[in-house]
Number of protein chains: 2
Amino acid sequence: MAENLNNKENCNPNYNPLDPVFNVLQGKWKNQVLFEIIALKSARFGQLTRAIPKITNTMLSTTLRELEKDGLITRKQYNEIPLRVEYSITEKGKDLLPVYYEMYKWGIKYQKE
Amino acid sequence: MAENLNNKENCNPNYNPLDPVFNVLQGKWKNQVLFEIIALKSARFGQLTRAIPKITNTMLSTTLRELEKDGLITRKQYNEIPLRVEYSITEKGKDLLPVYYEMYKWGIKYQKE
DNA sequence: CGGCATCCTTTCTGATACTG
DNA sequence: CAGTATCAGAAAGGATGCCG
């Protein structure tokens, strides 16, 4: 796998299957938000702001839209009064769990001090 | 809300074993550099600049120092003329391969279009 | 309730020049 | 060869206010 990245002097942006994962998970809040939604199955905007105390409206909104654009979550709006919006995880989102699991094991192993 | 009784928003970031992985792999060049070093077993500074055409001295230098600080690579300097420096992967660095492998599988599965 | 618009601060990246 | 110093521009993150 490592060799895939090793074609020298190729100036084309050689396609790398790792890139989408990093792109999709980059950003200060991506994982926290995604994990909350996974954990809660389905979550509302306000629920997420409470679950992630330091996040601002702006960043939660941005993060949710990016996760949705990348197909990791879906947004469902109920036109009630007051407005209700539910975010839930997709298959594509759930399929990231093996990645997280390996990260988790690595994190545990090298948990330092 | 009677939050004046509960003035403290909780400041303890509940420890998450995923965080170190993301911290360690964040940055535009981390993975490319790490993968080159894995692929080449051991690599010199100039070798890396040639292998990663668009990287600048500044960014390569910064990236290498961070990877070293995080224990993913080691730096060995030979005081020859001209100076020679070899970067090589550590066990801790190699142990990230399962993470990359899962990312790779996900990337393949959801390779788009 | 669930946001978006605006403006501002901080962090990251990169071009250029120079050194042991 | 293998970097560091400096500075400027770009991008990411955040505070505040308003609206359907």
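Numbered from 1 within each chain, the chains take letters A, B, ... in sequence-line order.
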Tell me the ring pair (Phe, Tyr, Trp, His ring centres under 6.0 Å) pairs involving residues 32-53 of chain A, sequence neighbours left out?
A:Phe35-A:Tyr100

Here the gap from A:Gln32 atom CD to A:Leu48 atom CG, rounded to the nearest 0.5 Å, amounts to 11.0 Å

B:Glu66 side, atom CD; B:Leu34 side, atom CG - distance, nearest 0.5 Å:
12.5 Å

Checking all strands, does B:Tyr78 fall into the base, sugar-phosphate, or nothing category for heavy-atom contacts under 4.0 angstrom?
nothing

Any residue of residues 38-52 of chain A with a heavy atom less than 4.0 Å from an atom of DNA chain C:
A:Arg44, A:Phe45, A:Gly46

Spatial distance of atom CG (A:Leu25) from atom CG (B:Leu25) [nearest 0.5 Å]
11.0 Å

Sorted by chain and residue number, the side chain to side chain contact (heavy atoms under 4.5 Å, CB included) partners of B:Arg65 (sequence neighbours excluded) come out as B:Ser61, B:Thr62

Looking for any heavy atom pair under 4.0 Å, which part of the strands does B:Thr56 touch: base, sugar-phosphate only, or nothing?
sugar-phosphate

Starting at CZ of B:Arg50, measure out to CZ of B:Arg44 and round the result to the nearest 0.5 Å.
8.5 Å

Can you give the first and last nucleotides of DNA chain D, 5' to 3', that have an atom under 4.0 Å from a heavy atom of chain A?
D:dG13 to D:dT16

Taking any atom under 4.0 angstrom from a heavy atom of chain B, which nucleotides of DNA chain C are the first and last to qualify, 5' to 3'?
C:dT13 to C:dT16

Let me spell it out: for each of A:Thr58 and A:Arg84, pick the nucleotide of DNA chain C with the closest heavy atom. Which residue's pick is nearer the 5' end?
A:Arg84

Tabulate below the donor-acceptor pairs under 3.5 Å that side-chain atoms of residues 69-77 of chain A make, not counting sequence neighbours, or state none.
residue, atom, partner, partner atom, Å
A:Thr74, OG1, A:Ser88, OG, 3.1
A:Arg75, NE, A:Tyr87, OH, 3.4
A:Arg75, NH1, A:Gln77, OE1, 3.0
A:Arg75, NH2, A:Gln77, OE1, 3.3
A:Gln77, NE2, A:Asn79, OD1, 2.9

Just report the end-to-end axis angle for the helix from C:dC1-D:dG20 to C:dG20-D:dC1, five pairs per end, to 10 degrees.
50°

For A:Asn57 and for A:Lys28, locate the closest nucleotide of DNA chain D by heavy-atom distance; then report the residue assigned to the nucleotide nearer the 5' terminus.
A:Lys28

Mind checking whether B:Leu96 and B:Ile38 have side chains closer than 4.5 Å, heavy atoms only?
no

Which distance, rounded to the nearest 0.5 Å, do you find between the CD of A:Glu102 and the CG of B:Leu18?
11.5 Å

Under the rule for side chain to side chain contact (heavy atoms under 4.5 Å, CB included), what residues qualify as partners of A:Lys28, not counting sequence neighbours?
none

Which residues in residues 64-77 of chain B have at least one heavy atom lying under 4.0 Å from any atom of DNA chain C?
none

Can you list everything that forms a ring pair (Phe, Tyr, Trp, His ring centres under 6.0 Å) with A:Trp106? Sequence neighbours excluded, please.
A:Tyr110

For the CE atom of B:Met103 and the CD1 atom of B:Ile108, what is their distance to the nearest 0.5 Å?
14.0 Å

Can you list the residues that meet the side-chain hydrogen bond (donor to acceptor under 3.5 Å, both in side chains) rule with A:Glu36, with sequence neighbours excluded?
none

With sequence neighbours excluded, residues passing side chain to side chain contact (heavy atoms under 4.5 Å, CB included) with B:Glu80
B:Tyr78, B:Arg84

Side-chain contact test, heavy atoms from C-beta onward, threshold under 4.5 Å: evaluate it for A:Lys30 versus A:Leu67 and give yes or no.
yes

